[in-house]
K.L.:
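What follows is a single structure, and I will ask about it in a moment.
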Amino acid sequence: MSTLVNLVAFIADPLMVILGFLLFRYPQAWAKMNARASRKELHEFDSPRQLAHTKRVGILFMTFAAFSFLSMLALKTVLARLN
């Protein structure tokens, strides 16, 4: 169990931060990729409201990953002091 937790904290969290940053910084590119993947028109994905929502999701991803990573580090610190 501990190995799985370490894997999530030290590999998945940085990847989630990178994805969140890409969503936040490049919402138009994300919309183009979604349009291509779903074979729909770009105007369905690049409205100002949809782009703002994509940016908010990016911020949310980065925030959750940062809290997850920091809480894992705090837990490791507490466990190290108990041993």
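By convention here, the first residue in the shown sequence is residue 1.
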K.L.:
Linking directly or through intermediates, with side-chain heavy atoms under 4.5 Å: list the remaining ILVMFWY members grouped with Leu51, chain and number order.
P.N.:
none
K.L.:
Using the test ring-ring contact (aromatic ring centres under 6.0 Å, His included), find all partners of Phe69 that sit at least two apart in sequence or belong to another chain.
P.N.:
Phe10
K.L.:
Kindly write out the residues that satisfy side-chain contact (heavy atoms from CB on, under 4.5 Å) with Leu42, not counting sequence neighbours, or none if the list is empty.
P.N.:
Gln28, Ala31, Lys32, Ala35, Asp46
K.L.:
Mind checking side-chain contact (heavy atoms from CB on, under 4.5 Å) for Arg25 and listing every partner two or more places apart, or none if nothing turns up?
P.N.:
Phe21
K.L.:
Which atom names give the shortest non-hydrogen contact between Val17 and Ala65, and what distance separates them?
P.N.:
CG2-CB, 3.4 Å
K.L.:
Looking at residues at least two apart in the chain, or sitting in another chain, which of them share a ring-ring contact (aromatic ring centres under 6.0 Å, His included) with Phe64?
P.N.:
none
K.L.:
Which residue pairs pass the side chain to side chain donor-acceptor pair (under 3.5 Å) test when at least one of the two sits in residues 36-45, sequence neighbours left out?
P.N.:
none
K.L.:
Can you hop from Phe67 to Met72 via hydrophobic side chains spaced under 4.5 Å?
P.N.:
no
K.L.:
List, by chain and then residue number, the residues other than Phe45 in its hydrophobic cluster (Ile/Leu/Val/Met/Phe/Trp/Tyr, side-chain heavy atoms under 4.5 Å); write none if there are no others.
P.N.:
none
K.L.:
Kindly work out whether a path of hydrophobic side-chain contacts (I/L/V/M/F/W/Y, heavy atoms less than 4.5 Å apart) joins Met33 to Leu19.
P.N.:
yes
K.L.:
Please answer: with hydrophobic residues joined when any side-chain heavy atoms are less than 4.5 Å apart, are Met16 and Val57 in the same cluster?
P.N.:
yes
K.L.:
Would you check if Trp30 and Leu22 make a side-chain contact, meaning some heavy-atom pair closer than 4.5 Å?
P.N.:
no
K.L.:
Which residue pairs pass the side chain to side chain donor-acceptor pair (under 3.5 Å) test with at least one member in residues 62-71, sequence neighbours excluded?
P.N.:
Asp13-Ser68
K.L.:
Any link between Phe61 and Leu15 through a network of hydrophobic side chains (Ile, Leu, Val, Met, Phe, Trp, Tyr) touching at under 4.5 Å?
P.N.:
no
